[in-house]
Q: 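Would you mind keeping the following structure in view while I ask a few things?
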2 protein chains.
Amino acid sequence: MDGTLNIRVTPQTSAAAHTADCAVFGFSKGELRVLLVQRAVEPFSGYWVLPGGAMGDEERLEETARRVLLELVGVRDLYLQQVATYSDPVRHPVRRVVTTSYYALVKPENHTPIARGYLSEAAWHKLTEVPELGFDHNRLLQDAHHRLIQHLRDRPLAFDLLPERFTLTEAQKLYEGILGESLDRRNFRRKILAYDFLIETSEKRAGVKGGPILYRLDRSALEREMNG
Amino acid sequence: MDGTLNIRVTPQTSAAAHTADCAVFGFSKGELRVLLVQRAVEPFSGYWVLPGGAMGDEERLEETARRVLLELVGVRDLYLQQVATYSDPVRHPVRRVVTTSYYALVKPENHTPIARGYLSEAAWHKLTEVPELGFDHNRLLQDAHHRLIQHLRDRPLAFDLLPERFTLTEAQKLYEGILGESLDRRNFRRKILAYDFLIETSEKRAGVKGGPILYRLDRSALEREMNG
DNA sequence: ACAAAAGTGTTCCTAATACACCCATGT
DNA sequence: ACATGGGTGTATTAGGAACACTTTTGT
């Protein structure tokens, strides 16, 4: 109950720090990728971790997440969803840090990550080739991915990861990358075209003669789909 | 990134308190109910709220939730799921309190809640007749209920709310109470009996001659169902 | 010419839904 | 006798899964 007073012998409010960590997913070259940063300071110096940062005094955690991602990868207005909160007293080896994790979806094409501050590197990693991460971030990443899968099975939100114009095969590869299973091409096309938020453009990809049809997204139809 | 050092101008770690609040769901007299407690102190004195308490220095939040519920309703080993974390800087009128919410499932029959400490009352409320709660707890409750619905659609976890022996009609009423819609009796029975974790007992409810068949749960079959 | 990827329809099966009558008990 | 709630089966439909061949383009 917000700890104003406590029930009986309730331990007193602790002064744990609170951070937001983000599993930023992107899709490029036919692979689902996650943005990782490499620490240049202890603890876990040299380890890759999920980008994150401390909650400010006047900030909600979601704002913390957005600020961190803006500072780090220069991206605004991304799709952001809270996943879970991790509070093991010893998850951080130096002092107590509670963290809340988010997953985010971005189009990697536009945003080259830059390592700043105490980071030595920032780079996209294939989700299938993620190294051992610092802290409990392998767990956070796994949980975030799992939540993304759950959401994707409900609603077609993956298009935040695709460029403006994309082919159905690209969309399928994306779904397969997220879900971790391969899908039947005909069934996938039929199902996805049954929605009315995919618009066939008359354009073809630059440079090629024929090639696959490019589609674009009807944002408002997608919104309607997500809400209705 | 656990805030050991901060990216550029990141605000310094704040000293927000952290609490765990629980939406405890029970089922009795054919109604889905939620356990609420009434505050006897400011802020929100006289208001009903979700039971909760401050995270201890050596505690994970889930342990906080279990401890609070043990102290309040004397129940152990309940089904507990994290829902979300709320961090609006002004969600608590006095000082900054971040809270993580859980939902819990209990059998109300066994556990009469007791108001302790700064509480003037503790009581089960019909979910359909929840008053205006203190803090942002109406929101927490709504989100917790929503998460419970989601989980229930995936897996048959609602049996934690039923007594040892129960009729199929009771189970159906429970499902209807959680999902907020009415179900076809025959379809419900067929679907639920298709699982193999419901065991028909030869007993009938005490006092009645014939009456409906009582079922009990095969815990291990349910576990198998939930995992496999 | 050959290899690689795009495009297209049908069949099958499972799961969800809708629906009506008989029986036993308690009043 | 009547009202209430328990118990049972079938027909329809919608959605998901499986599956093969033809066309175009790039090498």
Side-chain angles (χ1 to χ4, degrees), chain A residues 27-31 149-156 158 162-163 165-216 225 228, chain B residues 27-31 149-156 158 162-163 165-216 225 228:
Chain A
F27 185 73
S28 65
K29 306 193 201 84
E31 288 265 3
I149 292 174
Q150 281 184 326
H151 286 172
L152 185 64
R153 289 189 191 282
D154 274 9
R155 359 205 86 192
L162 288 173
R165 304 296 152 95
F166 52 88
T167 66
L168 287 188
T169 302
E170 286 170 335
Q172 182 179 347
K173 286 270 181 295
L174 170 58
Y175 266 73
E176 291 177 337
I178 295 176
L179 297 177
E181 57 190 278
S182 52
L183 305 169
D184 181 89
R185 189 154 41 99
R186 289 159 294 187
N187 292 337
F188 176 81
R189 299 168 83 87
R190 176 150 26 99
K191 187 154 61 166
I192 209 74
L193 288 174
Y195 294 112
D196 60 350
F197 55 74
L198 282 192
I199 299 175
E200 184 174 330
T201 70
S202 52
E203 314 164 40
K204 295 290 171 69
R205 190 135 287 174
V208 300
K209 281 213 261 301
I213 299 170
L214 288 174
Y215 289 81
R216 69 182 176 82
E225 183 65 37
Chain B
F27 184 73
S28 65
K29 305 192 202 87
E31 289 264 3
I149 292 173
Q150 281 184 330
H151 286 173
L152 185 64
R153 289 190 190 281
D154 273 10
R155 2 204 84 190
L162 289 173
R165 303 296 152 96
F166 53 88
T167 68
L168 287 188
T169 302
E170 286 170 335
Q172 183 180 345
K173 286 269 180 296
L174 170 59
Y175 266 74
E176 291 176 339
I178 295 176
L179 298 176
E181 58 190 278
S182 52
L183 306 169
D184 181 90
R185 189 155 42 99
R186 289 158 294 189
N187 293 336
F188 176 80
R189 300 168 82 87
R190 181 155 16 121
K191 186 153 62 165
I192 210 75
L193 288 174
Y195 294 112
D196 60 350
F197 55 75
L198 283 191
I199 298 174
E200 184 175 331
T201 70
S202 52
E203 313 163 43
K204 294 290 170 69
R205 190 137 289 173
V208 302
K209 283 212 258 303
I213 300 170
L214 289 175
Y215 288 82
R216 68 181 177 80
E225 185 64 38

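Values in this document were obtained by computation on a predicted structure and should not be read as measured data. Protein chains get the first letters and strands the later ones, always in sequence-line order, with residue 1 at the start of each.
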Q: How many Å lie between CG on A:Leu183 and C1' on C:dA6, as a whole number?
A: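 Nearest whole value for this atom pair: 17 Å.
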
Q: Would you say D:dG6 has OP1 or OP2 under 4.0 Å from some side-chain N or O of B:Thr169?
A: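 Looking at the OP1 and OP2 atoms of D:dG6, one of them is under 4.0 Å from a side-chain N or O of B:Thr169.
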
Q: For the pair made of CZ in B:Arg205 and P in C:dG26, what is the distance, rounded to whole Å?
A: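 Rounding to the nearest Å, CZ of B:Arg205 and P of C:dG26 are 14 Å apart.
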
Q: Tell me which of B:Asn187 and B:Glu170 sits closer to the 5' end of DNA chain D, going by the nucleotide each one is nearest to.
A: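 The answer here is B:Glu170.
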
Q: Donor-acceptor pair under 3.5 Å: do we get one between B:Arg190's side chain and the base of D:dT8?
A: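 There is none.
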
Q: Whole-Å distance between D:dA18 P and A:Phe188 CZ?
A: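 After rounding, the gap between these two atoms is 16 Å.
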
Q: For B:Arg153, is there an ion pair with B:Glu181 - N to carboxylate O distance below 4.0 angstrom?
A: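 Yes.
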
Q: Rounding to a whole Å, what distance do you find between B:Tyr215:OH and D:dG6:P?
A: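 Atom-to-atom, B:Tyr215 to D:dG6, this comes out as 12 Å.
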
Q: Do B:Pro156 and B:Tyr175 touch side chain to side chain, with heavy atoms closer than 4.5 Å?
A: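 Yes - at least one pair of side-chain heavy atoms lies under 4.5 Å apart.
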
Q: Rounding to a whole Å, what distance do you find between A:Arg153:CZ and D:dG15:P?
A: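 After rounding, the gap between these two atoms is 18 Å.
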
Q: The side chain of B:Ile213 is closest to which nucleotide in this list: C:dT8, D:dG7, D:dA18?
A: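 The closest nucleotide is D:dG7.
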
Q: Please report the distance, rounded to the nearest Å, between CG in A:Asp184 and P in D:dA20.
A: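 Taking CG of A:Asp184 and P of D:dA20, I get 10 Å after rounding.
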
Q: Shortest non-hydrogen contact from A:Pro212 to A:Thr167?
A: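 Shortest heavy-atom separation between A:Pro212 and A:Thr167 comes out as CG-CG2, 3.6 Å.
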
Q: Testing the basics here: between A:Ile178 and A:Ala158, what is the closest heavy-atom pair and its distance to 0.1 Å?
A: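 Smallest interatomic distance, heavy atoms only, reads CD1-CB, 4.0 Å.
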
Q: Which sits closer to the 5' end of DNA chain D, B:Arg186 or A:Lys191, going by the nucleotide each is nearest to?
A: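 The answer here is B:Arg186.
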
Q: Write down the distance between CD (B:Glu181) and P (C:dA16), rounded to a whole number of angstrom.
A: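 From B:Glu181 CD to C:dA16 P: 13 Å.
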
Q: Could you tell me the separation between the CZ atom of A:Phe166 and the C1' atom of C:dA6, rounded to a whole number of Å?
A: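 Rounded to the whole Å, the gap is 16 Å.
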
Q: On the side chain of B:Arg185, is there an atom forming a donor-acceptor pair with the base of D:dG7 - under 3.5 Å, no angle test?
A: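 A donor-acceptor contact between them is present.
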
Q: What are the two closest non-hydrogen atoms of A:Glu225 and A:Tyr195, and how far apart are they?
A: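 Between these two residues, the closest heavy atoms are OE2-CE2, 3.4 Å.
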
